K.L.:
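I'd like to ask you about the structure that follows.
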Amino acid sequence: QVQLLESGGGLVQAGGSLRLSCAASGHTFSSHAMAWFRQAPGKEREFVATISWSGGSTVYASSVQGRFAIFRDNTENSLFLQMNSLKPEDTAVYYCAAARGKYSPGAADDIDSWGQGTQVTVSS
């Protein structure tokens with residue numbers, strides 16, 4: 001399994017930006033589609049974005065489309081989530097995830113490994 005460690009969370013005002021990073025261990029990172037999920041207090045974990053093994057294909061949740069961008073650097077075994085125009089409803093713990101295959105539609109059932117999560121808080 002790929003081991004994942006997120007960083008970059010924090011407190012930001014509405015309208016601001018944050019970039020989350022996910023460092024992956026192991027030599028199989030480039031063989032996996034990767035994804036970001038989030039979980040707000042009292043809510044179920046939800047899909048945010050996914051990216052194929054090569055970075056050539058991305059899918060976003062409608063709630064973040066146009067504001068967030070997922071990208072990866074396979075040479076550095078790293079995954080990123082650039083979050084712009086943040087809203088209070090984006091407040092959640094954000095999780096980096098490695099899918100089993102090279103492509104993933106972003107279903108939680110596809111996920112093979114999860115990170116520990118990083119807190120993002122957006123103040124109004």
Side-chain angles (χ1 to χ4, degrees):
Q1 283 189 336
V2 177
Q3 306 227 337
L4 306 169
L5 181 63
E6 304 94 336
S7 62
L11 174 64
V12 64
Q13 288 189 331
S17 298
L18 278 176
R19 177 176 292 187
L20 304 183
S21 299
C22 174
S25 65
H27 60 278
T28 63
F29 175 77
S30 61
S31 299
H32 295 266
M34 297 294 296
W36 289 97
F37 287 75
R38 67 187 182 185
Q39 187 167 18
K43 296 188 176 181
E44 293 189 354
R45 191 173 297 189
E46 66 174 2
F47 164 74
V48 175
T50 186
I51 186 167
S52 64
W53 67 283
S54 66
S57 176
T58 57
V59 178
Y60 295 91
S62 58
S63 58
V64 307
Q65 180 78 49
R67 299 187 299 122
F68 290 11
I70 185 172
F71 55 102
R72 65 191 295 164
D73 183 346
N74 286 347
T75 66
E76 297 289 336
N77 281 8
S78 295
L79 176 72
F80 304 94
L81 184 69
Q82 177 67 40
M83 305 186 294
N84 299 324
S85 301
L86 282 161
K87 305 175 181 180
E89 51 263 45
D90 294 318
T91 294
V93 176
Y94 283 71
Y95 297 91
C96 173
R100 292 186 179 86
K102 292 188 172 184
Y103 296 91
S104 174
D109 288 349
D110 272 357
I111 301 305
D112 188 50
S113 300
W114 295 92
Q116 294 296 311
T118 185
Q119 176 70 47
V120 172
T121 303
V122 184
S123 63
S124 57

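Worth saying up front: this structure is predicted, and the values here are computed from it rather than measured. Values reported hereafter were calculated over all heavy atoms of this structure, with side chains retained and with hydrogens, waters and symmetry mates removed.
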K.L.:
Determine, using the 4.5 Å side-chain heavy-atom cutoff (strictly less than), whether Ile70 and Trp53 are members of one ILVMFWY cluster.
P.N.:
no
K.L.:
Quick check: is Phe47 connected to Phe68 through a chain of hydrophobic side chains (ILVMFWY, heavy atoms under 4.5 Å apart)?
P.N.:
no
K.L.:
Can you confirm whether Leu20 sits close enough to Glu6 that some side-chain heavy atom of one is under 4.5 Å from a side-chain heavy atom of the other?
P.N.:
no
K.L.:
Taking all atoms of both residues into account, what is the closest heavy-atom pair of Met83 and Leu86, and its distance?
P.N.:
CB-CD2, 3.8 Å
K.L.:
Check whether any side-chain heavy atom of Gln119 lies under 4.5 Å from a side-chain heavy atom of Thr91, and answer yes or no.
P.N.:
yes
K.L.:
Sorted by first residue and then second, give each disulfide (SG to SG under 2.5 Å) pair with at least one member in residues 13-124; sequence neighbours left out.
P.N.:
Cys22-Cys96
K.L.:
Would you indicate whether the side-chain heavy atoms of Leu4 and Tyr95 approach each other to under 4.5 Å?
P.N.:
no
K.L.:
Flag yes if Leu79 and Val120 sit in one hydrophobic cluster, no otherwise; membership is Ile, Leu, Val, Met, Phe, Trp, Tyr, and two members link when side-chain heavy atoms are under 4.5 Å apart.
P.N.:
yes
K.L.:
Do Val64 and Arg38 have side chains that get closer than 4.5 Å, going by heavy atoms?
P.N.:
yes
K.L.:
Scan for disulfide (SG to SG under 2.5 Å) pairs involving residues 32-93, sequence neighbours excluded, and state none if there are none.
P.N.:
none
K.L.:
Could you measure the distance from the OG1 atom of Thr58 to the CZ atom of Arg72? Nearest 0.5 Å is fine.
P.N.:
12.0 Å
K.L.:
A side-chain contact here means heavy atoms from C-beta on lying under 4.5 Å apart; do Gln82 and Ser17 qualify?
P.N.:
yes
K.L.:
Where do Phe29 and Ala24 come nearest, in terms of heavy atoms and distance?
P.N.:
CD1-CB, 3.3 Å
K.L.:
Quick check: is Val59 connected to Phe37 through a chain of hydrophobic side chains (ILVMFWY, heavy atoms under 4.5 Å apart)?
P.N.:
yes
K.L.:
Taking Thr50 for the side chain and Met34 for the main chain, is one N or O donor matched with an acceptor at less than 3.5 Å?
P.N.:
yes
K.L.:
Side chains of His32 and Val2, heavy atoms from C-beta outward: is any pair under 4.5 Å?
P.N.:
yes
K.L.:
Quick check: closest heavy atoms across Ser52 and Gly56, and the distance to 0.1 Å?
P.N.:
OG-N, 3.3 Å
K.L.:
Are side-chain heavy atoms of Trp114 and Arg45 found at a separation under 4.5 Å?
P.N.:
yes
K.L.:
State, to 0.1 Å, how close Arg100 and Asp112 come at their nearest heavy-atom pair, and which atoms those are.
P.N.:
CG-CB, 3.7 Å
K.L.:
Considering residues at least two apart in sequence or located in another chain, which fulfil the ring pair (Phe, Tyr, Trp, His ring centres under 6.0 Å) criterion with Phe80?
P.N.:
Phe71
K.L.:
Taking a hydrophobic cluster as the set of Ile, Leu, Val, Met, Phe, Trp and Tyr residues connected by side-chain heavy atoms closer than 4.5 Å, whether directly or through intermediates, do Tyr103 and Val48 fall within one such cluster?
P.N.:
no
K.L.:
Less than 4.5 Å apart, any side-chain heavy atom of Arg67 and any of Tyr60?
P.N.:
no
K.L.:
Identify the two heavy atoms, one from Ala14 and one from Ser124, that lie closest to each other, and give their separation to 0.1 Å.
P.N.:
CB-CA, 4.3 Å
K.L.:
Where is the tightest heavy-atom contact between Gly117 and Val93, given as atom of each residue plus distance?
P.N.:
CA-CG1, 3.8 Å
